Amino acid sequence: MKVFTNVKDLGDLNVSLKEALEIKKNRFAYKHLGENKTLLMVFFNSSLRTRLSTQKAAMNLGMNTMVLDVNQGAWKLETERGVVMDGDKPEHMLEAIPVMACYCDVIGVRSFAQFENKTDDYSEKILNQFIRYSGKPVFSMEGATTHPLQAFADLITIEEYKKKERPKVVLTWAPHPRVLPQAVPNSFADFMNEADVDFVITHPEGYELDEKFVRGAKIEYNQHKAFEGADFIYAKNWAAYSDPNYGKILSKDRNWTVDEKKMSLTDKAYFMHCLPVRRNMIVTDDVIESPQSIVIPEAANREISAQLVIKRML
Ligand code: AN0
Ligand code: CP
């Protein structure tokens, strides 16, 4: 595996799920693979889970790890070719990437959407420069448009907790005070569309996601209807994708917050969220603290999804 940004990079999903569950049972079985190899993790944005779980996964594989926080202590990087660099950015990505690649064997990159230009965001400008100019295997630790390590961990979690052969999985938009990317819902849809689940997306009008990820998924604008009989509720906020509102907040309506009343419409559904989550905006204290909340095991599976990807890259 050279690149990991989308579900298709995993090949057969059932094979990948089996491999992930095997890794989980014996996470130190491949410790020899990473001997004398180095993982470089490059962060353009903050992280708690991705930073720790990916580092842990690499250590399980016997690797050394290095973390670079581009915005804390590294030179500010220019991304555009042809720019006269007389501003505040002393270094260009075109040098920085091959230099970083000299010191490592595998690279993980976190670089969120900037919401200045939809075309730039959706062309994954920064991630693709790493893929093109590093000469090393590169995986997304959340790019501008996808967060595949999260979605794969989500799928592993659903596989572990499902009580039906084909569970009903509902992705619900929920309110949030700040502009958030579409990467998490895009990847969740990308994976659920390939998994053996009955997948429904619910959101207010205007929050339609990119068709490339939604594909044939069912859209239900009535959140209550969407929740009926659900086995998994996956909550997430995102900013609008459709023109002319790309990157805008169209609603902060707390009627969309996931609460106990809505959860009672489901078939005792499990509650999921990628975290970090804003309580009582996205989900009430009662729901996230209930026995049906599986946000912690979900986060724990980030170590497993990362380990499978790094193992294949090694
Ligand atoms: C980010 C997002 O919504 O994409 C990261 C989630 C994993 N969340 C925040 O910036 C709060
Ligand atoms: N879920 C997730 O990716 O969390 P972090 O932003 O803390 O890495």
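As the structure is a computational prediction, the values presented were derived from the model and not from experiment. Remember, it's 1-based here, ligands and their atoms both numbered in the order they're listed.
- Residue H147 has at least one nitrogen or oxygen atom sitting less than 3.5 Å from a nitrogen or oxygen atom of ligand 2, judged on distance alone.
- Here L149 has no heavy atoms under 4.0 Å from ligand 2, in either its backbone or its side chain.
- By the 30° and 60° cut-offs, the orientation of the rings of Y246 relative to Y122 is perpendicular.
- The pair K168-E228 does not meet the salt-bridge criterion, since no charged nitrogen lies less than 4.0 angstrom from a carboxylate oxygen.
- Atom CD of E303 and atom CG of L149 lie 12.5 Å apart (nearest 0.5 Å).
- The nearest heavy-atom contact from the protein to atom 2 (C) of ligand 2 is R302 NH1, 3.3 Å.
- For Q129 and T79, the side-chain atoms include no donor-acceptor pair closer than 3.5 Å.
- Between the side chains of T145 and Q182, not a single donor N or O lies within less than 3.5 Å of an accepting N or O.
- Considering backbone and side-chain N/O of T50, one or more are found under 3.5 Å from N/O of ligand 2.
- Salt-bridge annotation for R51 and D69: present, with a side-chain N of the basic residue lying under 4.0 Å from a carboxylate O of the acidic one.
- Looking at atom 4 (O) of ligand 2, its nearest protein heavy atom turns out to be R49 NE, 2.8 Å.
- Residue contacts with ligand 2 leave out E142, since none of its heavy atoms falls under 4.0 Å from the ligand.
- By the 30° and 60° cut-offs, the orientation of the rings of Y221 relative to H203 is perpendicular.
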Distances for all N or O pairs of ligand 1 and the protein under 3.5 Å?
from     : atom 1 : to   : atom 2 : distance (Å)
ligand 1 : 3 (O)  : K236 : NZ     : 2.7
ligand 1 : 4 (O)  : E142 : OE2    : 2.6

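- Checked against the 6.0 Å centroid threshold, Y234 and F188 count as a close aromatic pair.
- One option in V184, L48, N45 has a heavy atom closer to atom 5 (P) of ligand 2 than any other, and that option is L48.
- Checking N186 against K212 by side-chain atom types alone, no donor-acceptor pair falls below 3.5 Å.
- With a 4.0 Å cut-off on non-hydrogen atoms, M141 does not touch ligand 2 at all.
- For residues 261-291, the set of pairs meeting the ring pair (Phe, Tyr, Trp, His ring centres under 6.0 Å) definition, not counting sequence neighbours, comprises Y161-Y270, F232-Y270.
- At a 4.0 Å heavy-atom cut-off, ligand 2 touches R110 through the side chain alone.
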